[in-house]
Chemist: 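Here it is, the structure in full.
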2 protein chains.
Amino acid sequence: MARASTRPTSRDVAEAAGVSQAAVSLVLGEKWRGRVSAATAERVREAARTLGYRPNLAARNLRLGRTRTVLLVVPALTTEFFAGVYTGAARVAAAHGFGVVLYPSPEGIGPARDPFASAQAALDGVLASSMAADALTAIRGDQLPLVMLDSDPDGSLGAATVNLDITDGVRQVAEHLLGLGHRRFLHLAADVASWTFEIRARELAARVGAVPGTTVRTAPAPISIEGARAAAEAALSAPGPRPTAIVCDDDKLAAGAYKAARRLGLRIPDDISVTGLDDLALATAIDPELTTVRLDAELFGERGMQALLAVLEGRAPARGDIPVELVVRGSTAPPAVA
Amino acid sequence: MARASTRPTSRDVAEAAGVSQAAVSLVLGEKWRGRVSAATAERVREAARTLGYRPNLAARNLRLGRTRTVLLVVPALTTEFFAGVYTGAARVAAAHGFGVVLYPSPEGIGPARDPFASAQAALDGVLASSMAADALTAIRGDQLPLVMLDSDPDGSLGAATVNLDITDGVRQVAEHLLGLGHRRFLHLAADVASWTFEIRARELAARVGAVPGTTVRTAPAPISIEGARAAAEAALSAPGPRPTAIVCDDDKLAAGAYKAARRLGLRIPDDISVTGLDDLALATAIDPELTTVRLDAELFGERGMQALLAVLEGRAPARGDIPVELVVRGSTAPPAVA
DNA sequence: CCGCTGAAGTTTTACGTATAACGTCCTTCG
DNA sequence: CGAAGGACGTTATACGTAAAACTTCAGCGG
C-alpha cells in the first residue's frame, strides 16, 4: 500500500515506472545518455509527470553539499532603490538556477540578530550592501563567498566589490551647477555612516573646491522627507549669504529641501536650485521635476549577482564601475543675479 | 587527521567534546533535561563555540521533513507598499524561527516561470498577494498550505484570506468628499484586473450612487505617474461639466492627477480636489500634501504571516479585516461655487 | 570460442541531523 | 537485600537524493 498524504519521492516514481530509484535520478538529472534507453527514460518521465513528482530540495542540497541559494543583505528594503537591486539580482540568479533570500538588516527584523539564523536557508554565498553595516561582522564570521555592493574597494573585508560610479555622478552634478554659475552651495548630507555617502561629500568638496570663490556648507539630515525639511530649513535660515543651490545626497532629501524652500517662500529654481541622487519615482512626482543622477538599481543588482556567481564558480569577477547619468530637469537654473 | 576545509559537523563537535553525536544534538536542541548532565552540556556548547559549528540546515530539513521557510508571492516588489508587506511578514516569521523567500511574480524574474523552481528553497507554506495572478495557477498545483492577501474571501482557491478593509477606506473617502459638497467625481482607476481594485470601484459607486444628483466618470490608467497623467488629462479635457474631485485608486495615480491638473491650469484644491490610497512617502512629498487612506503595509504583512503560521500549526487563522484610516491633508476642499 | 567492450541498468553508499530504542550504573525503597 | 527506577549516556536508523561501483548480457573481433 502506497503512503497516502506524503509527497511522492523518486522511489515512488521508480516503482511506478518499474525501474530503480537510481535510474530515476539519472533520467531526471539529464545524465542518462548511454546509461538508460530512450524508451525507459520516457517511461520514467511519464511516471514523474502523472505522480506530480517534485524533487525534495532539502535532500538534494544535503547530497550535493550546495544549495544554489544566496543571501542578499540590504538595509531595510523599504526603499525603491533596494527593491530594484533585489529585482536585478533575483533575475540573474534565476537565470542561473539560483534562488535569493533576503536579509533586511536593521530594526525591521525580529529578535534573530544573526542573518544566517534568520535566513533559514542553507547558503552558497552572500551579496551585501555596505549600508547594512550591523550585519557585516556576523557575515565576516562565516567563510561564505562574499561580494560587496558599493563598498570601499580597499575595504577590510577583502571581498570583491561592485560599485556604482557615484563619484562620477557627483562630478556631473558639480559641473552642471558650476556651469550654471552657482558658487554658494548647501550640501544636504545623509547622516548615515557609510562609504557610499562619504564619497559623495569627498567628491563634492574636491570638485567645487577647485573653483576659486566657492563655498560649501554641510547640513546632515536623517533620510526622511520631514527630517530633511527641518535640516534644510535650519540651514537656509542661518545668517550670512544664502546658498543658491542645494546638493542632496538622495532624492528623498531633495523632497525635504523642496518643502523647506516652500516654507521660506523660495521658488525653485528661480530663487534656489536643488539636485537629488537616485532618480526615484518621487523625482518626477514633485514640482518642478527634480534634476538628479539616475542610478540603475536593477543593473546594479544584476552586476552584483554576476560577480557573486563568478566567485562561486572560481572565476574572477568583472571589474569596472557602473556608469550613472545626470538627468537635468526643472529644479536647476542659473542663480538670480544679486 | 580532521578534514581541513569543510565546515564542522555535529560529529566534529562530538569528538572535540568527547561525547557521541547524539549527545551534541540533544544539547544543542535544548532537549537534554534529564538526559545529559549540566557539566557535559556545557562542555558540548563550549566545543561548538570554539569550532564555530553551525548546523547544516539541509540535513536538518531533510530529517525533520519541514523547512521553516515560507514563500511570499508579490507583484514586482518595486513598490514601497509590498516592501512594507515583506518587512512585516519577515518580522513575524523571524520571531517564530521561520525564514521568508520572495517570489516577485511578473516580468522581473528570469525564465523560471515556476515560483517553486525559482525559489530554490524547500517550502512549508505560501503567502500570496492576489495581484500576482499569473503565479496563482502554479501555486494551486501544489498542496502547500496557502494564505491569500487581499483576495476575494469567497475565492475559488478555498484558501484563508487576510484583507485590508479597503471597502471602509473607500467609504471614508466618499463620505469625506460628499460632506465637502462634491457631486461630480472622476474615478482614476488602476487598469489591473484584481479583486482589490474591483472593490474600490464597486464601493465608490455604491456610496456615491446613494446620493441623488451625483455622477461618477471612470478613467482607467496604468499604475505609473506618466500613464496616470495622460489618462487624467484626457478625462478632464472631455466635454461636459468638469468633475470637482478626482478619486484615485492609489497614490501614484494621484501624483499623475496632480500633473494633469497643473498642465490644465487647475489649482489643487481650489479648482479640483484629489484623493489617493496607500499613504506612500510620495503623499507628503507633493504639494499640496495628499489626502489619502493610510494602509498599514507592515501590519498587513504581519497579519498575513500570523494567519499562515496558524494554518501551519493546524489552528484556525484569525478573522477580521485590518482597519484603515483616512488622512485628510491639503488636497481636498469644498468645490468652488459654480 | 574466448575475452573484451559498451549498453542498460541495479545495488550500495554517503551527505548531517534528530530521535527512538537500548544500555549502564547508582540510588533508594519495600 | 533485591528490584525498580532515575540519571546519563550510546547505538542505530531514517529522511530523499546523486553518483560511484558493480552486474548482466549481447555483439564482435581475433
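The sequence lines fix the lettering, A, B, ..., with proteins before strands; numbering per chain opens at 1.
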Chemist: For the backbone of A:His96 and the side chain of A:Arg68, can you confirm whether one donor and one acceptor N or O come within less than 3.5 Å of each other?
Modeler: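 Here the side-chain-to-backbone pair exists.
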Chemist: B:Arg7 CZ to C:dG16 P: how many Å, rounded?
Modeler: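 Result: 10 Å.
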Chemist: At 4.0 Å (heavy atoms only), tell me whether B:Val19 reaches a base, stays on the sugar-phosphate, or touches nothing.
Modeler: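 Sugar-phosphate contact only.
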Chemist: Between A:Asp12 (side chain) and A:Thr9 (backbone), is there a donor-acceptor pair under 3.5 Å?
Modeler: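 It does hold such a pair.
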Chemist: Are A:Thr40 and C:dG9 close enough that a side-chain N or O sits under 4.0 Å from OP1 or OP2?
Modeler: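 Yes, within the criterion.
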Chemist: B:Arg35 has a side chain; which of D:dT10, D:dA19, C:dT19 sits nearest to it?
Modeler: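 Output: D:dT10.
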Chemist: To the nearest Å, how far apart are A:Gln21 CD and C:dT13 C1'?
Modeler: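 These atoms are roughly 11 Å apart.
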Chemist: Among D:dT10, D:dT17, C:dT19, which nucleotide sits nearest the side chain of A:Tyr53?
Modeler: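 For A:Tyr53, the side-chain atoms sit closest to D:dT17.
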Chemist: Return no unless some side-chain N or O of B:Thr9 is found under 4.0 Å from OP1 or OP2 of C:dC15.
Modeler: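 No, outside the criterion.
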Chemist: Just compare D:dA19, C:dT17, D:dC8 and give me whichever is closest to any side-chain atom of A:Leu64.
Modeler: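 So the side chain of A:Leu64 is nearest to D:dA19.
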Chemist: Would you say the side chains of A:Thr67 and A:Asp124 form a donor-acceptor pair under 3.5 Å?
Modeler: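 Short answer, yes.
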Chemist: Can you tell me how far C1' of C:dC15 sits from CG of A:Leu57, to the nearest Å?
Modeler: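 Rounding to the nearest Å, CG of A:Leu57 and C1' of C:dC15 are 15 Å apart.
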Chemist: Could you state the CG-P distance from A:Asn61 to C:dC15, rounded to the nearest angstrom?
Modeler: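 It is 16 Å, rounded to the nearest whole Å.
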Chemist: If you count every heavy atom of other residues, nucleotides or ligands that lies below 6.0 Å from B:Gln21 atom CD, does the total exceed 12?
Modeler: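 Count over threshold, so yes.
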Chemist: Roughly, in whole Å, what's the span from CZ in B:Arg11 to C1' in C:dA14?
Modeler: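 Whole-Å distance recorded here is 11 Å.
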Chemist: Without decimals, in angstroms, what is the distance between B:Arg60 CZ and D:dC15 P?
Modeler: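 Between P of D:dC15 and CZ of B:Arg60: 19 Å.
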Chemist: How close or far is atom P of D:dA20 from atom CG of A:Leu26, stated in whole angstroms?
Modeler: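 Between P of D:dA20 and CG of A:Leu26: 10 Å.
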Chemist: Please work out if B:Gly34 contacts a base, only the sugar-phosphate, or nothing of the nucleic acid, heavy-atom cut-off 4.0 Å.
Modeler: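 Counting heavy atoms under 4.0 Å across all strands, the contact made by B:Gly34 includes a base.
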Chemist: On DNA chain D, check which nucleotide each of B:Ala59 and B:Arg43 is closest to and give me the residue with the more 5' one.
Modeler: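 Comparing both residues, the 5'-ward one is B:Arg43.
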Chemist: Spell out, as yes or no, whether a donor-acceptor pair under 3.5 Å connects the side chain of B:Thr40 to the backbone of B:Val36.
Modeler: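 Not a single qualifying donor-acceptor pair exists.
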Chemist: Does D:dT17 have OP1 or OP2 under 4.0 Å away from a side-chain N or O of A:Ser10?
Modeler: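 For D:dT17, OP1/OP2 do have a side-chain N/O of A:Ser10 under 4.0 Å.
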Chemist: Ion pair present between B:Glu46 and B:Arg49, side-chain N to carboxylate O less than 4.0 angstrom?
Modeler: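 Looking at B:Glu46 and B:Arg49, the cut-off is met.
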Chemist: Would you mind reading off the distance between A:Lys31 atom NZ and D:dA20 atom C1', rounded to a whole angstrom?
Modeler: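 Between C1' of D:dA20 and NZ of A:Lys31: 12 Å.
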Chemist: Can you figure out which of D:dG9, C:dT10, C:dT19 approaches the side chain of A:Ser20 most closely?
Modeler: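 Closest of the options to the side chain of A:Ser20: C:dT10.
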Chemist: Reckon B:Leu62 touches a base, only the sugar-phosphate, or nothing at all at heavy-atom distances under 4.0 Å?
Modeler: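 The answer is base, as B:Leu62 lies within the cut-off (heavy atoms under 4.0 Å) of a base atom.
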Chemist: Looking only at the side chain of B:Ala22 (C-beta and beyond, no hydrogens), which of the listed nucleotides C:dT17, D:dG16, D:dT11 gets closest?
Modeler: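 When the side chain of B:Ala22 is considered, D:dT11 is the closest of C:dT17, D:dG16, D:dT11.
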Chemist: May I ask you to evaluate whether B:Ser25 reaches the phosphate of C:dT19, defined as a side-chain N or O under 4.0 Å from OP1 or OP2?
Modeler: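 Negative; the distance criterion is not met.
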